[in-house]
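Worksheet: one structure, shown below.
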Amino acid sequence: DVKVTQSSRYLVKRTGEKVFLECVQDMDHENMFWYRQDPGLGLRLIYFSYDVKMKEKGDIPEGYSVSREKKERFSLILESASTNQTSMYLCATLTDGGGSYNEQFFGPGTRLTVL
Amino acid sequence: AQKVTQAQTEISVVEKEDVTLDCVYETRDTTYYLFWYKQPPSGELVFLIRRNSFDEQNEISGRYSWNFQKSTSSFNFTITASQVVDSAVYFCALSGLSGGSYIPTFGRGTSLIVHP
């Protein structure tokens with residue numbers, strides 16, 4: 001079974017702090033994603049990565065950066081957390097194959113609260 | 001551009017009722033895939049089904065069934081004899097190349113609450 005794990009289920013940070021959200025997958029998938037989920041807005045793509053050290057902006061990259069130094073690990077970084085970044089953050093992978101056939105596997109999510 | 005619309009924000013039913021979750025999509029692709037995912041209260045989205053644009057056969061899996069109609073650009077999901085364990089947020093998604101890549105486009109989700 002594919003496993004996508006996220007470093008924390010719940011996180012509370014203060015405004016201005018630097019925040020790292022870690023995601024690790026064990027299936028050697030090339031593509032990894034970070035989404036945020038807010039009530040009424042569904043899933044919004046922040047960043048994705050299609051290979052080590054490669055990254056692409058999603059729909060809402062402002063205020064975030066990412067790092068992918070190893071294939072299995074994809075980190076989301078909030079350089080200076082703000083209250084409007086309070087949200088549920090979901091990491092996902094995409095099964096390999098390079099086509100629209102592929103489904104995603106998701107981690108359990110990190111609920112981040114910025115005070 | 002791709003778009004997925006789930007017009008029902010929240011549906012509340014009593015156990016054993018049948019319930020249909022609607023999904024309408026827009027795409028310029030002729031080849032594309034549609035997906036449904038379930039997000040239970042634990043938070044992790046789980047893949048339920050995939051359908052390609054050339055296969056309009058309905059699919060049934062236990063109490064779950066899916067109705068794909070290209071003519072109306074819809075991919076609806078029906079749960080028969082709902083149970084409390086079906087309570088979750090359900091997402092419909094579309095993947096095709098017109099978005100510029102194979103990144104899936106998600107609807108906003110429908111929250112299903114099944115009361116005992």
Side-chain angles (χ1 to χ4, degrees), chain A residues 1-6 8-11 23 25 27 29-51 54-61 87-112, chain B residues 1-10 21 23-25 27-55 66 75 88-111 113:
Chain A
D1 278 353
V2 174
K3 268 289 190 189
V4 181
T5 56
Q6 295 183 229
S8 306
R9 289 302 303 271
Y10 299 93
L11 209 52
C23 175
Q25 53 113 348
M27 282 302 289
H29 288 164
E30 293 176 350
N31 292 277
M32 297 185 74
F33 305 79
W34 275 106
Y35 294 92
R36 65 176 282 176
Q37 181 179 10
D38 301 286
L41 298 178
L43 301 177
R44 293 184 291 168
L45 181 63
I46 305 171
Y47 268 96
F48 67 97
S49 167
Y50 52 90
D51 202 350
M54 307 304 289
K55 60 186 179 186
E56 292 283 344
K57 292 179 180 179
D59 300 319
I60 52 163
S87 186
M88 169 73 96
Y89 290 88
L90 294 167
C91 176
T93 70
L94 186 73
T95 54
D96 292 339
S100 52
Y101 172 90
N102 306 101
E103 78 269 24
Q104 289 184 288
F105 289 87
F106 285 82
T110 295
R111 188 167 293 282
L112 172 67
Chain B
Q2 301 176 154
K3 187 178 178 182
V4 176
T5 302
Q6 294 180 256
Q8 303 149 311
T9 305
E10 183 176 295
L21 310 181
C23 173
V24 174
Y25 63 92
T27 181
R28 285 185 291 228
D29 288 323
T30 53
T31 301
Y32 52 89
Y33 283 82
L34 294 158
F35 304 81
W36 276 96
Y37 290 85
K38 175 182 180 179
Q39 184 183 36
S42 60
E44 187 173 325
L45 272 82
V46 175
F47 165 72
L48 292 178
I49 191 171
R50 163 185 35 241
R51 211 88 188 116
N52 78 56
S53 51
F54 297 107
D55 183 1
W66 291 269
F75 185 43
V89 181
Y90 292 87
F91 289 94
C92 180
L94 164 69
S95 182
L97 194 51
S98 67
S101 67
Y102 292 117
I103 308 301
T105 298
F106 283 84
R108 293 190 173 189
T110 297
S111 177
I113 302 167

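Values reported hereafter were calculated over all heavy atoms of this structure, with side chains retained and with hydrogens, waters and symmetry mates removed. Lettering follows sequence order; numbering is per chain, from 1.
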Could you look at A/Arg44 and say if it's the side chain, the backbone, both or neither that has a heavy atom under 4.5 Å from chain B? neither
B/Phe54: partners by side-chain contact (heavy atoms from CB on, under 4.5 Å), with sequence neighbours left out: B/Thr31, B/Asn52, B/Lys70
With rounding to the nearest 0.5 Å, note down the distance linking CG in B/Leu94 to CG in B/Asp29. 7.5 Å
Please flag which part of A/Tyr35 lies under 4.5 Å from any non-hydrogen atom of chain B: side chain, backbone, both or neither. side chain
For the residue pair A/Phe106 and B/Phe106, does the interplanar ring angle fall in the parallel (under 30°), tilted (30 to 60°) or perpendicular (over 60°) class? perpendicular
Interface moiety of B/Gln39 toward chain A, non-hydrogen atoms closer than 4.5 Å: side chain
Does the side chain of A/Phe105 reach to within under 4.5 Å of the side chain of A/Met27, using non-hydrogen atoms? no
With a 4.5 angstrom heavy-atom cut-off, is it the side chain or the backbone of A/Glu56 that approaches chain B, or both, or neither? neither
B/Thr110: which residues meet the side-chain contact (heavy atoms from CB on, under 4.5 Å) condition with it, sequence neighbours left out? B/Gln6, B/Gln8, B/Ile11, B/Leu21
Examine whether an atom of A/Leu41 lies under 4.5 Å from a heavy atom of chain B, and if so say whether it belongs to the side chain, the backbone or both; otherwise answer neither. both
